[in-house]
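Have a look at the structure below before the remarks.
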Amino acid sequence: MKSNTIRKVAIVGYNRIPFARANTAYSNVGNKEMMTAALNGLIDKYNLKGKLLGEVAGGAVIKHTYDNNLIRECVMQTSLDPATPACDLQQACDTGIESAIYIANKIALGQIDSGIAGGVDSISDMPIAVSEKLRKILLEARQAKSLGEKIKTFLKLRPKDLSPLVPKNEESQTGLSMGGHTEITAKYYKISREDQDEFALRSHLNMAKAYDEGFFDDMITPFNGLDKDNNLRRDSTIEKLAKLRPAFDKINGTLTAGNSTPLTDGASCILLANEEWAKEQGLPILAYITFAEIAAIEYVKNQQNLLLAPLFAASRMLEKAELNLQDFDYYEIHEAFAAQTLATLKIWESPELSAEIGLKKTLGAIDQNKLNVKGSSLAAAHPFAATGGRIIGVMAKLLNEKGSGRGLISICAAGGQGVTMIIEK
């Protein structure tokens with residue numbers, strides 16, 4: 001029977017592996033192993049063995065060429081019905097949440113009843129490329145008709161052509177790293193070093209408390225000898241943070257290794273479904289995804305804007321939802337850098353700054369006691385594509401434990417993009 005009814009999209013499960021600073025616990029594993037481990041933990045937790053799901057979607061920001069069909073390959077290594085289709089998506093740090101939107105839309109339209117969204121990234125297993133000249137010579141040599149022609153081709157090489165190329169952590173449009181852009185953001189919006197350090201400390205303290213209270217016990221599958229995020233610093237103090245040297249602008253900078261997220265390895269996933277499927281499987285409806293919005297911002301001329309696109313996504317989303325920024329019980333703002341999060345809060349509060357950046361209206365201040373209450377990226381760290389799943393899982397659990405309410409998620413990304421989402425119980 002055909003129906004034009006939009007179905008409600010329920011979050012019914014979550015799982016991730018602990019996040020690890022690059023070149024530590026996961027230095028000998030890659031995207032496939034990590035994503036498969038996160039999926040297997042989800043499958044075990046929610047009795048999905050042998051189940052045929054509508055689709056699995058996710059991706060990695062950094063991956064090898066042989067990972068071109070990454071998520072499908074991971075699905076084939078799990079105990080899901082192998083007929084479960086999968087696809088790779090990528091939108092920098094928004095990858096995990098965009099994957100959730102992709103699956104949610106298919107559920108809402110009735111195309112599928114259930115699906116998994118996720119993301120993974122390994123900095124430790126970063127692909128290393130050859131120089132452009134070496135690449136062209138290798139291709140030319142492959143076409144050579146004889147050994148002599150091959151040798152003649154290879155003799156064109158020079159020692160410098162053999163140097164490997166490591167992916168650069170920078171915006172191709174500007175040549176600046178994300179941290180370099182955020183230094184400009186901090187200076188432009190007058191975000192002090194002290195405020196950044198205090199914000200970072202709160203993230204660590206909130207996450208340490210959440211671990212102690214057992215909040216993450218059912219959210220994380222141990223992997224490769226790690227059972228907790230190893231970036232968490234329980235002994236962090238404002239005095240220790242104040243001693244760290246600037247990481248990007250060595251002379252006049254305020255961003256440090258303490259108030260910025262480090263390069264990280266990790267994977268996460270969430271299970272989404274319509275209400276009927278969840279009830280048939282005996283799974284709890286933790287919360288619902290109700291609204292989501294994607295935005296982009298110009299950041300080449302206005303280099304302070306790189307990570308501020310969620311301002312526009314939030315503004316448009318709230319208008320469509322007929323809600324105010326203050327109508328939420330919890331806020332989860334991805335802490336790529338303390339400065340970027342604090343700039344977002346400052347612009348929301350300021351009519352002058354809101355007008356200057358181009359927002360239609362000032363959204364106002366939020367109660368920061370409702371912000372990132374279990375710690376966020378500064379404490380957990382940030383495997384690019386995996387952050388969305390981590391944050392959605394935390395928000396769903398918060399609302400489920402409360403029994404009702406509404407949460408706003410905001411995630412910024414490279415390329416001047418950003419996504420926001422509303423989750424309700």
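Looking at every heavy atom in both residues, Asp88 comes nearest to Ile71 through OD1-N, 2.9 Å. Minimum heavy-atom separation, Val12 to Ala273: CG2-CB, 4.4 Å. Nearest heavy atoms, Asp229 versus Met207: OD2-SD, 3.9 Å. When every heavy atom of Ser122 is checked against every heavy atom of Met34, the shortest pair comes out as CB-CE, 3.5 Å. When all heavy atoms of Leu272 and Ile11 are compared, the pair lying nearest together is CD2-CG1, 3.7 Å. Residue Ser236 comes nearest to Leu201 through the heavy atom pair O-CD1, 3.3 Å, listed as atom of the first residue, atom of the second, then distance.
To the nearest 0.5 Å, atom CD of residue Gln173 and atom NZ of residue Lys301 are 12.5 Å apart. The line from CD1 of Ile422 to OG1 of Thr290 is 5.0 Å long, rounded to the nearest 0.5 Å. The CG atom of Leu271 sits 7.0 Å away from atom OG of Ser114, with the distance rounded to the nearest 0.5 Å. How far CG of Asn372 is from OG1 of Thr341: 7.0 Å, rounded to the nearest 0.5 Å. Put simply, CG on Leu345 and CD1 on Ile333 are 5.0 Å apart, with the number rounded to the nearest 0.5 Å. Distance check: Tyr102 OH to Gln91 CD gives 14.5 Å after rounding to the nearest 0.5 Å.
At least one donor-acceptor pair under 3.5 Å links the side chain of Asp121 to the backbone N or O of Ala385. Side chain of Ser99 to main chain of Ala117: no donor-acceptor pair is present (N/O by atom type, distance under 3.5 Å, no hydrogens or angles). No side-chain donor-acceptor contact under 3.5 Å links Asp67 to the backbone of Leu70. In this structure, the side chain of His334 does not engage the main chain of Ser377 through any donor-acceptor pair within 3.5 Å. For Gln340 (side chain) and Leu308 (main-chain N/O), no donor-acceptor pair under 3.5 Å exists by modelled atom type. Without hydrogens or angle criteria, Gln196 side chain to Ile191 main chain gives a donor-acceptor distance under 3.5 Å. Checked by atom type and distance alone, the side chain of Arg316 pairs as donor or acceptor with a backbone atom of Ile294 at under 3.5 Å. Checking side-chain atoms of Ser350 against main-chain N and O of Ile347 turns up no donor-acceptor pair under 3.5 Å. Although no hydrogens or angles enter the test, the distance criterion places a donor-acceptor pair under 3.5 Å between the side chain of Thr84 and the main chain of Leu53. A donor-acceptor contact shorter than 3.5 Å is absent between the side chain of Arg245 and the backbone of Lys250.
Phe328 does not carry Lys370 over the face of its six-membered ring by the limits of under 6.0 Å from the centre and within 45° of the normal. The side-chain tip of Lys346 does not point at the ring of Tyr189 from less than 6.0 angstrom away and within 45° of straight on.
When the shell of 6.0 Å around NZ of Lys361 is examined, it contains 12 or fewer heavy atoms from other residues, nucleotides or ligands. Heavy-atom neighbours of Gln111 CD from other residues, nucleotides or ligands within 6.0 Å: above the threshold of 12. Enclosure of atom CG in Asp235 by more than 12 non-hydrogen atoms of other residues, nucleotides or ligands within 6.0 angstrom is indicated. Heavy-atom neighbours of Lys51 NZ from other residues, nucleotides or ligands within 6.0 Å: above the threshold of 12.
No hydrogens or angles considered: nothing links the side chains of Asn302 and Tyr188 as a donor-acceptor pair under 3.5 Å. Side-chain atoms of Asn230 and Arg21 include no donor-acceptor pair closer than 3.5 Å.
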With side-chain contact (heavy atoms from CB on, under 4.5 Å) as the test, would you mind laying out the steps for Thr261 and Thr387 before giving the verdict? CA-CA 12 Å; Thr261 51; Thr387 288; over 6 Å; no
Would Trp348 and Leu353 count as a side-chain contact (heavy atoms from CB on, under 4.5 Å) if you check the C-alpha gap in whole Å, the side-chain angles of each, and the deciding distance to 0.1 Å? CA-CA 8 Å; Trp348 275 344; Leu353 293 177; over 6 Å; no
Kindly determine whether Glu275 and Ile285 satisfy side-chain contact (heavy atoms from CB on, under 4.5 Å), including the steps that lead there. CA-CA 8 Å; Glu275 293 176 299; Ile285 293 175; 3.9 Å; yes
In sequence, state the C-alpha distance, the side-chain angles, and the governing distance for Leu325 and Ile366, and then conclude on side-chain contact (heavy atoms from CB on, under 4.5 Å). CA-CA 7 Å; Leu325 183 60; Ile366 65 169; 3.6 Å; yes
Check the pair Arg135 / Glu132 against salt bridge (Lys or Arg N to Asp or Glu O under 4.0 Å), numbers first and verdict last. CA-CA 5 Å; Arg135 185 186 72 85; Glu132 183 63 12; 2.7 Å; yes
Test Thr174 against Gln303 for side chain to side chain donor-acceptor pair (under 3.5 Å), laying out the working first. CA-CA 8 Å; Thr174 64; Gln303 295 183 348; 5.2 Å; no
Might you work through the side chain to side chain donor-acceptor pair (under 3.5 Å) test for Asn31 and Lys63, ending with a clear yes or no? CA-CA 7 Å; Asn31 287 331; Lys63 62 182 182 180; over 6 Å; no
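Side-chain atoms of Leu80 and Ile116, non-hydrogen and from C-beta on, do get closer than 4.5 Å to each other. For the pair Cys93 and Val61, the minimum side-chain heavy-atom distance is 4.5 Å or more. Under the 4.5 Å side-chain criterion, counting only non-hydrogen atoms from C-beta, Ile97 is in contact with Ile392. Leu318 is not listed as a side-chain neighbour of Asp327, based on a closest heavy-atom distance of 4.5 Å or more. For the pair Leu134 and Leu162, the minimum side-chain heavy-atom distance is below 4.5 Å. Looking only at side-chain heavy atoms (C-beta outward), Val373 and Tyr331 stay at 4.5 Å or farther from each other. When side chains are defined from C-beta on, Arg193 counts as touching Thr256, because their heavy atoms get closer than 4.5 Å. Met421 is not listed as a side-chain neighbour of Ile391, based on a closest heavy-atom distance of 4.5 Å or more.
Salt bridge present: Glu183 and Lys187 bring a charged side-chain N and a carboxylate O closer than 4.0 Å. Salt bridge Lys374/Glu213: present, at least one basic N to carboxylate O contact under 4.0 Å. For the pair Asp113 and Arg7, the salt-bridge criterion is not met [side-chain N within less than 4.0 Å of a carboxylate O]. Ionic pairing of Asp212 and Arg234 is present here: one or more N-O contacts between side-chain nitrogen and carboxylate oxygen are shorter than 4.0 angstrom.
For residues 49-83, the pairs satisfying ring-ring contact (aromatic ring centres under 6.0 Å, His included) are His64-Tyr66, with sequence neighbours left out.
The aromatic rings of Phe337 and Phe248 sit perpendicular, their planes meeting at an angle over 60°, well past the 30° parallel limit. Below 30°, between 30° and 60°, or above 60°: for Phe216 and Tyr211 the angle between ring planes is between 30° and 60°, a tilted geometry.
Considering only residues two or more places apart in sequence or on other chains, Gln326 meets the side-chain contact (heavy atoms from CB on, under 4.5 Å) condition with Asn324. For Lys402, the salt bridge (charged side-chain N to carboxylate O under 4.0 Å, His left out) criterion is met by Asp329, not counting sequence neighbours.
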